[in-house]
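Quick caveat: nothing in here was measured; it's all calculated off a predicted structure. A note on names: the letters A, B, ... follow the listed sequences, proteins ahead of strands, and every chain is numbered from 1. Only heavy atoms go into these numbers, but all of them, side chains included; no hydrogens, no water, no symmetry mates.
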Amino acid sequence: MKIHEYQAKLLLSQYGIPVPQGRVASTPTEAKEITTELGGKAVIKAQIYAGGRGKAGGIKVASTPEEAERAASQLIGTRLVTHQTSPEGIPVTKVLVEEACEIERELYLSILIDGTARLPLMMASEAGGIEIEEVAQSSPGKISRTYIELAIGLQAYQGRKLAYGMNLHGKQVGEATRLMANLCNLFIAKDCSLAEINPLAITANGKLVALDAKLDFDNSALFRHKDIQKLQDEEQEEALEVQARKWGINNYVKLNGNIGCMLNGAGLSMAANDLIQHCGGRAANFLDIGVVNNTNRVVNSFKMFIADPRVKAVLVNIFGGIARADIIARGIVEAYKQLDIRFPVIIRLAGTNVEEGKRILAESGINFIEAKDFYDGAYKAVEAARDNK
Amino acid sequence: MKIHEYQAKLLLSQYGIPVPQGRVASTPTEAKEITTELGGKAVIKAQIYAGGRGKAGGIKVASTPEEAERAASQLIGTRLVTHQTSPEGIPVTKVLVEEACEIERELYLSILIDGTARLPLMMASEAGGIEIEEVAQSSPGKISRTYIELAIGLQAYQGRKLAYGMNLHGKQVGEATRLMANLCNLFIAKDCSLAEINPLAITANGKLVALDAKLDFDNSALFRHKDIQKLQDEEQEEALEVQARKWGINNYVKLNGNIGCMLNGAGLSMAANDLIQHCGGRAANFLDIGVVNNTNRVVNSFKMFIADPRVKAVLVNIFGGIARADIIARGIVEAYKQLDIRFPVIIRLAGTNVEEGKRILAESGINFIEAKDFYDGAYKAVEAARDNK
Amino acid sequence: MSILVDENTRLLVQGITGNEGTFHAQRCMEYGTNVVAGVTPGKEGTQHLGVPIFNTVERAIAETEANVSIIFVPPAFAADGILEAIDAGIPLIICITEGIPVLDMVKVHSYLRNKSTRLIGPNSPGVISPGKCKAGLMLGDIHIPGNVGVVSRSGTLCYEVVSQLTKLNIGQSTCVGIGGDALPGSTFIDILRLFREDKDTRAVVLIGEIGSTFEQGAAEFIRNEMAKPVIAFIAGISAPPGKRMGHAGAIITGSAGKASEKIKALSQAGVTIVPNPAEIGLTMQKNISES
Amino acid sequence: MSILVDENTRLLVQGITGNEGTFHAQRCMEYGTNVVAGVTPGKEGTQHLGVPIFNTVERAIAETEANVSIIFVPPAFAADGILEAIDAGIPLIICITEGIPVLDMVKVHSYLRNKSTRLIGPNSPGVISPGKCKAGLMLGDIHIPGNVGVVSRSGTLCYEVVSQLTKLNIGQSTCVGIGGDALPGSTFIDILRLFREDKDTRAVVLIGEIGSTFEQGAAEFIRNEMAKPVIAFIAGISAPPGKRMGHAGAIITGSAGKASEKIKALSQAGVTIVPNPAEIGLTMQKNISES
């Protein structure tokens with residue numbers, strides 16, 4: 001789960017990490033007031049769930065409160081398109097109004113989980129302010145790494161190593177070491193999947209400050225962080241994906257095609273999408289129905305397909321394991337009863353309780369296309385979508 | 001470092017562990033007032049740095065506020081002698097006035113560091129209320145143990161294992177598991193060397209409550225716990241030992257003999273005491289002078305010997321390593337200058353800068369007995385003490 | 001032979017009294033798996049599905065000599081369940097639970113490092129050695145005994161592949177779902193090493209997907225240490241970069257996580273790549289008849 | 001031969017610029033020890049006592065090939081220093097620092113478990129192989145080369161014993177102070193095992209004290225795995241029960257911590273017990289002349 005920069009900075013600040021002075025504003029007037037509080041000058045930063053704001057015009061410098069008001073009014077209410085967003089962009093509803101710091105150097109600091117070592121990994125670089133992937137490619141020697149062992153936590157010597165790696169000296173070494181320890185505490189206490197400060201700036205007076213910050217959270221751990229859950233801003237996400245979640249479908253991703261997919265298991269779902277592409281079509285979505293205990297989620301999946309005007313045909317391909325073919329079948333019948341389904345539906349069922357599932361479908365009298373296997377399902381779905389244009 | 005029961009219970013309570021209602025009282029009147037607040041009945045417990053209070057009359061039950069006042073007045077201002085104290089006992093200056101809980105069962109729970117596994121060890125038993133050493137001897141099967149691995153902390157399954165070991169059932173299992181996790185947090189957060197709840201009571205309404213509690217702290221870690229340092233009650237300790245600490249002598253233990261000892265290193269100090277005993281004498285103290293950078297601590301050691309009226313002779317046996325023989329010698333000379341030394345002093349110096357040390361002593365003109373080796377020193381000290389009676 | 005589970009498996013089910021635990025324990029028993037015990041704290045002394053229930057894994061092993069534990073404990077408590085099983089010294093744990101917090105799994109791995117226990121999963125569909133033992137969610141009757149080993153990150157895709165093999169009368173020695181999580185207990189390499197040593201396994205199907213670098217690790221191992229033929233399918237070639245596809249293991253992180261990179265690495269290691277997921281069975285048939 | 005340190009030792013001093021670090025590093029150099037580097041964060045690029053100073057242990061090893069680190073870092077930071085040295089992969093650490101918090105040492109031991117580094121101390125007086133290398137606080141000139149190994153929990157008592165041996169012209173192969181703390185990095189067993197393998201060591205003096213059960217562990221090892229003669233002195237026979245005597249290792253915990261119990265265990269393992277600490281040298285002399 002993502003959160004906004006201003007929310008990330010509040011969390012950093014709670015964990016003792018210095019951030020620039022400032023507050024979030026929802027209106028140009030507020031932005032003006034905050035700028036006045038800050039002494040008349042400010043940086044106005046569009047709050048969106050995507051990077052690349054600077055180049056896209058999402059960050060503006062104001063040297064008077066009026067300029068700040070104008071800048072905020074140019075951002076709030078618009079949609080910002082960056083190289084990380086879809087072509088439609090993401091709506092800006094809030095801006096962060098911050099003091100303009102005088103910066104000497106820009107560093108990089110982050111923590112994420114390393115899948116190979118199976119430990120949190122802290123990375124630091126003297127080359128901050130740009131995307132770390134570029135640094136990793138162009139000058140990998142500029143990135144220092146250290147693993148965080150749970151038994152000992154982040155030790156001071158590790159902090160020093162990274163601080164020296166960032167080319168820090170004197171008091172800044174201890175300051176950076178404490179900052180790293182704090183970031184580590186935050187990462188672990190809040191079950192982050194990514195904690196990134198980029199740039200970590202050295203100001204003109206030699207202090208370290210988190211000039212930009214990104215915190216992502218482990219969705220599987222949100223159940224124990226009600227405070228973080230509350231931060232979610234659904235306006236920033238794909239409307240269809242938000243809707244899917246509300247209907248209990250947690251693994252839904254909007255894609256670019258026209259074939260609605262209801263599948264089970266991430267691997268089979270991806271493979272089905274691959275197969276659709278192989279057959280010359282494109283999936284409208286990735287939808288892993290997960291473990292179904294009742295028919296609701298199946299019905300809701302069909303609601304999703306109806307809500308998506310691009311959908312010309314639907315492929316249901318379920319290989320029952322935890323999911324049971326009979327419940328899926330019952331759900332499809334229920335969906336046909338409750339909803340006005342106008343697109344062709346291709347169904348392939350296999351696995352747990354498949355005989356019962358097939359019987360239910362056959363006896364229901366609903367109008368569907370049966371597929372005899374994996375390939376047949378994808379092939380027929382592509383054909384049906386083409387014919388339904 | 002030890003603290004009082006009432007202080008331990010405040011800490012437990014801060015860490016979410018249930019303790020009986022109550023407060024500490026320094027006067028009988030206060031005890032009466034608290035008893036009134038508690039509803040008219042209370043248990044009055046003498047606060048001393050030693051166990052065995054119950055059998056020694058240090059715990060009294062009062063069924064009216066007046067009885068509480070009387071009980072408190074019988075305890076405050078007296079010295080309590082238990083099987084764990086010296087024959088002179090320990091002064092009682094405070095009593096803990098607590099609600100009288102109705103108890104169904106008494107359990108045992110503790111954490112300490114296991115030297116062999118090099119990990120904190122949590123122990124639990126259904127046989128609480130008595131000394132755990134007795135349980136360990138008579139029915140070791142009644143003690144359940146689990147190690148606390150730093151990488152994972154105390155896990156719920158470990159708590160359940162101990163809870164089942166204490167013969168708990170139903171909701172009490174989860175309650176006990178949470179209590180154990182809290183005790184573990186306290187132990188680690190405050191650098192305890194021992195955290196013991198004995199008895200951990202099950203009240204008549206089935207709740208768990210820490211009826212008595214003992215917390216000891218790692219002296220080496222006190223530098224990072226100013227809050228704990230403040231709790232130290234020097235009235236509870238041997239006056240000579242408190243005095244030694246004030247004079248910068250941290251490793252001083254009062255013993256029963258009449259030969260004052262100034263030694264360096266715990267092992268050599270113990271061996272010297274052993275040797276004195278072997279020669280037919282008894283040391284008045286154990287005194288490891290530690291690392292001496294200047295003469296102060298040596299002078300202060302002689303002040304200790306003068307403050308102890310039992311001392312009939314003094315043995316100085318220093319084998320220089322970190323400690324330097326020259327500084328020790330200078331210190332002795334200084335002590336002779338500043339103080340009125342009336343007992344014979346036997347000196348054996350060896351190790352780092354010994355030649356310089358011997359020269360300083362020889363040139364000082366002070367009156368001392370030189371010992372040529374370890375045995376000679378102990379032998380002459382025993383002889384001198386005998387002659388000085 | 002076969003790997004991990006067989007006729008000597010004595011299965012313990014952690015979380016047996018829950019809905020999923022009950023449903024799948026019963027299916028395993030119907031398949032012929034020797035389910036010997038269940039663990040549900042607080043229910044010691046009772047029976048469920050005809051097997052004794054214990055409060056702790058330690059007690060269950062002491063009383064029943066269980067040697068494999070399958071875990072159906074809900075995600076918030078699953079890591080504790082895995083740690084309990086490790087601590088009790090069981091040689092093999094198969095964790096079915098999906099959605100365990102990543103930092104909980106970091107703890108598990110830190111604890112597992114010095115231990116001899118093998119962990120499959122979490123988010124694993126389980127393990128089956130057809131005709132001998134089923135310890136997982138898979139439908140028993142799509143499997144037939146034979147000489148092809150199957151190892152997969154995905155559960156349902158594994159079923160699909162097995163059903164393709166079985167339709168062509170190609171039996172399986174053992175099918176292992178290593179699970180789709182970011183921090184699996186066992187990776188492809190661990191399972192390939194077992195298949196290499198297993199006399200009954202003549203060829204292996206490896207089913208990978210986008211995200212992580214486990215397939216690259218497998219490629220390295222196959223090139224250097226594996227003589228048996230391996231065919232592979234990598235799911236997610238059509239996935240757009242940077243989109244989450246179902247579970248953490250499927251985030252595309254850097255170019256190594258792309259399907260194309262994985263296919264390249266495996267192909268260079270001599271692995272036969274199947275581009276069409278509907279033709280995995282056919283490819284294996286061709287492979288076997290050629291060798 | 002000798003154990004732990006010798007003419008090939010390249011000594012790194014952590015905390016070299018502090019008072020104690022400076023004083024003792026200089027004494028070690030005067031003895032002939034090859035001190036190659038010092039570590040003091042923030043002072044990289046400078047020299048101290050003629051050796052280069054580095055910010056980190058990693059850098060010091062990379063630049064100077066140091067293979068032993070001796071630690072004089074103050075107690076609050078010493079565990080971090082030990083962990084840094086372990087992480088840098090140095091084979092031997094000798095930690096002199098006294099008064100490290102016990103829970104810090106629990107961390108160190110948890111981290112050390114999977115590592116190949118050997119830790120001596122904390123609260124160790126150091127290690128000397130007379131005539132070859134001194135890495136510790138002991139006075140070099142009370143030692144002479146020879147064939148008796150000395151291992152002691154106490155520093156000063158160890159000096160006392162060595163001076164008794166040297167006066168009788170009994171030389172030492174290596175003298176090891178394992179330190180008086182409750183959680184030492186190496187125990188008697190670890191050092192006895194090294195002495196067993198060392199050709200130059202013909203007999204061993206073991207100096208124990210009250211508290212812990214390290215002496216019982218040593219007794220077990222000697223009975224089962226040690227053919228060389230061992231003589232032992234246990235300090236604290238006159239100590240009253242339950243009194244703290246100087247450091248944590250000397251708390252009497254249960255009857256196993258008592259001097260009498262330790263003497264009993266060692267004696268039953270065939271160890272010659274010296275009751276009088278002034279006669280350890282004489283006892284060894286007798287022991288050697290008899291064998």
Can you name the side chain to side chain contact (heavy atoms under 4.5 Å, CB included) partners of C:Glu7, sequence neighbours left out?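 Residues passing side chain to side chain contact (heavy atoms under 4.5 Å, CB included) with C:Glu7: C:Lys132.
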
How would you list, by chain and number, every residue that makes a side chain to side chain contact (heavy atoms under 4.5 Å, CB included) with C:Asn114, sequence neighbours excluded?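 Once residues adjacent in sequence are excluded, the partners of C:Asn114 under the side chain to side chain contact (heavy atoms under 4.5 Å, CB included) criterion are D:Arg113, D:Asn114.
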
Does anything in residues 36-48 of chain C reach chain B? List residues with heavy atoms under 4.5 Å apart, or say none.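 At a heavy-atom separation under 4.5 Å, chain B is reached by C:Pro41, C:Gly42.
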
Pull out the residues in residues 155-194 of chain B that come under 4.5 Å of chain C, heavy atom to heavy atom, sorted by number.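 The residues closer than 4.5 Å to chain C, in numerical order, are B:Gln155, B:Ala156, B:Tyr157, B:Arg160, B:Lys161, B:Tyr164.
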
Just checking [X]: does its [atom1] atom have more than 12 heavy atoms from other residues, nucleotides or ligands closer to it than 6.0 angstrom?
| X | atom1 | result |
| --- | --- | --- |
| C:Glu30 | CD | yes |
| C:Glu225 | CD | yes |
| B:Gln232 | CD | yes |

